[in-house]
K.L.:
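Can you keep this structure in mind? I'll have questions shortly.
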2 protein chains.
Amino acid sequence: MTVYSLEASNGIAAQVARHLGDELVFLEKKTFPDGEVYVRVPSKPRGVAILVSSMYPSQEKRFLELLFSVEALSAYAEGSIIAVVPYLAFARQDKRFLEGEPISVKAVLKSLEALGLSGLVTVDLHQPRVLGEYLSVPSINVLPAEEIAGYFKGKVSNPLVLAPDMGALERAKSVAEHLGAEFDYLVKERDRVTGEVKIYPKSLEVAGKDVIIVDDIISTGGTMALAAKNVLGSGAKSVKAVCTHAVMVQGALDKLYYAGIEEVVATDTVPSPVSKVSVAPSVARGLKELLEQMV
Amino acid sequence: MTVYSLEASNGIAAQVARHLGDELVFLEKKTFPDGEVYVRVPSKPRGVAILVSSMYPSQEKRFLELLFSVEALSAYAEGSIIAVVPYLAFARQDKRFLEGEPISVKAVLKSLEALGLSGLVTVDLHQPRVLGEYLSVPSINVLPAEEIAGYFKGKVSNPLVLAPDMGALERAKSVAEHLGAEFDYLVKERDRVTGEVKIYPKSLEVAGKDVIIVDDIISTGGTMALAAKNVLGSGAKSVKAVCTHAVMVQGALDKLYYAGIEEVVATDTVPSPVSKVSVAPSVARGLKELLEQMV
């Protein structure tokens, strides 16, 4: 196999290549004077080609770098072409919330497949079901729960892992189990008289706890900041915020620290000042599993 | 039919809708806080949907707006979805000039088709053959030669239309015929002793002529400026530079005027300070022709 690193690999390509004992090749990239992206695969893959690139801003450019790379590889056409996309952008526009809306993630996945993609590994997708729905080639969504839990081992004395909402519970549960901690999800309630919004865990108490709130993406940080304020207001000893994808726009990090969050922890799927955990081990495991499925 | 205008229609959508007597609907567009593009088709098409958007910088964002719009329209799925793309970006990366390169325009066309495109009208493509090679749905490439010639009628007394190279001759010929002028193409010759490059028409004389140099794209303006300098040096009375797609980067317009070009004329496929000619009549004709093919 040959692992190809695009500019947005974030070091994950090299770690994966070392895990698997494969060669690493850097894709050439430039921008034409008119602004168009250009990539080139400088050498033929030995067997399966593994293309590693995340899709953080500018998401559109990253997507086209990936699409053009798949197209370029398809001309070599001897083995499979597997994309490793640690952060798959456009993944939150995963259904028609309003009539006339696109399913953007469907457009992204179907385009990659139309150009010759044979498999996909991605990390902590907003709705993992989209892989089965919009790709007909094999794919795997990996959750870096073990790596995230590993980061906190020995650092928190009385942990309670919370999901910001019910939909995010599986992720929190998985981190909690690796950490040997309890877990719950937060519910929102608006006071009928005062209109005030209260946020609290569905069934557990936060008082005296070192709370770890775990979400897939922190974008503007609004949800996480509000949750933290409420949990601290209910007597939590400390709050740490954790996400897989630190998209962090509109002053998100300042918003989080200002809300009283003690520490923010993210993975390296998106470059950020808090990318303390690498998804590379999870990705390498997912890739091995995918390759076994494809044999 | 319903004509949909995306932000990058440049007024062409409305002109086409008026030509055809069809309704015009504006697509909703926004950018999410994290920078991702979003579009929405606010109402169902009546029969065939015509989606009008050019692909000038940022080309990647324009491409995804178009791709997502096609995906959104495909859910309505009653009639055909035709894209009118006056400037199709990535069209110059139309073959593997080097091994390992992508054919970017193939990736763009195949993605649109994979998401449900049923037909394409584009204007003055760098290599029209790519439509037949990479699309299996009907398509038309229109040349706005009549509109360009119309702009110059009565404005030049002794015209000679030149193509900057042999590959661009058909375009210059077509403009010249509409203008009732002679035409030729420029050849480049390097002096074996001095190394000096001379550029001159293959068979005609430029002395005393009002030269009109016609190309598909002016990007950095380098080719056009060099051609103009040489033609003026050979005694041309004046030089005008004409292109369909005024991409104009890196100070192109200043480069052109500084080279002695009297006037620069472009169409409205890309917004520019010299977009004096509209491709809308050509596009409307192309669209009618395409619709007849599709019946």
K.L.:
State, yes or no, whether a side-chain contact exists between A:D34 and B:R92 at a heavy-atom distance under 4.5 Å.
P.N.:
yes

K.L.:
Need one label for A:E28: side chain, backbone, both or neither, based on atoms under 4.5 Å from any heavy atom in chain B.
P.N.:
neither

K.L.:
Under 4.5 Å, counting heavy-atom pairs only, tell me which of B:E113, B:Q93, B:E99, B:M248 racks up the most with chain A.
P.N.:
B:E99

K.L.:
Would you mind telling me which of A:K44, A:R96, A:K106 has the largest number of heavy-atom pairs within less than 4.5 Å of chain B?
P.N.:
A:R96

K.L.:
Tell me whether B:K229 at atom NZ has more than 12 heavy atoms from other residues, nucleotides or ligands lying less than 6.0 Å away.
P.N.:
no

K.L.:
Go through the atoms of B:V41 and report whether side chain, backbone, both or neither lie under 4.5 Å from a heavy atom of chain A.
P.N.:
both

K.L.:
Which atoms of A:S104 come close to chain B, meaning under 4.5 Å heavy atom to heavy atom: side chain ones, backbone ones, both, or neither?
P.N.:
both

K.L.:
Among B:S219, B:A72, B:A89, who wins on heavy-atom pairs under 4.5 Å with chain A?
P.N.:
B:A72

K.L.:
A quick test of your reading: do over 12 heavy atoms of other residues, nucleotides or ligands sit less than 6.0 Å from CZ of A:R46?
P.N.:
no

K.L.:
Which atoms of A:E36 come close to chain B, meaning under 4.5 Å heavy atom to heavy atom: side chain ones, backbone ones, both, or neither?
P.N.:
both

K.L.:
With a 4.5 angstrom heavy-atom cut-off, which part of B:L64 approaches chain A: side chain, backbone, both or neither?
P.N.:
side chain

K.L.:
So which of A:V247, A:V39, A:T220 has the largest heavy-atom pair count under 4.5 angstrom toward chain B?
P.N.:
A:V39

K.L.:
When the ring planes of B:F68 and A:F90 are compared, do they come out parallel, tilted or perpendicular, using 30° and 60° as the limits?
P.N.:
perpendicular

K.L.:
Checking A:E101 against chain B: side chain, backbone, both or neither under 4.5 Å from a heavy atom?
P.N.:
both

K.L.:
Check whether B:Q59 gets within reach of chain A through its side chain, its backbone, both or neither, counting any heavy atom under 4.5 Å.
P.N.:
side chain

K.L.:
Considering only heavy atoms and a distance below 4.5 Å, find which of A:S43, A:A114, A:P33 pairs most often with chain B.
P.N.:
A:P33

K.L.:
Less than 4.5 Å to any heavy atom of chain B: does that hold for the side chain of A:L115, its backbone, both, or neither?
P.N.:
side chain

K.L.:
Tell me, for A:Y56 versus chain B, whether the close heavy atoms (under 4.5 Å) come from the side chain, the backbone, both or neither.
P.N.:
neither

K.L.:
Heavy-atom distances under 4.5 Å only: say whether A:V37 touches chain B with side chain, backbone, both or neither.
P.N.:
both

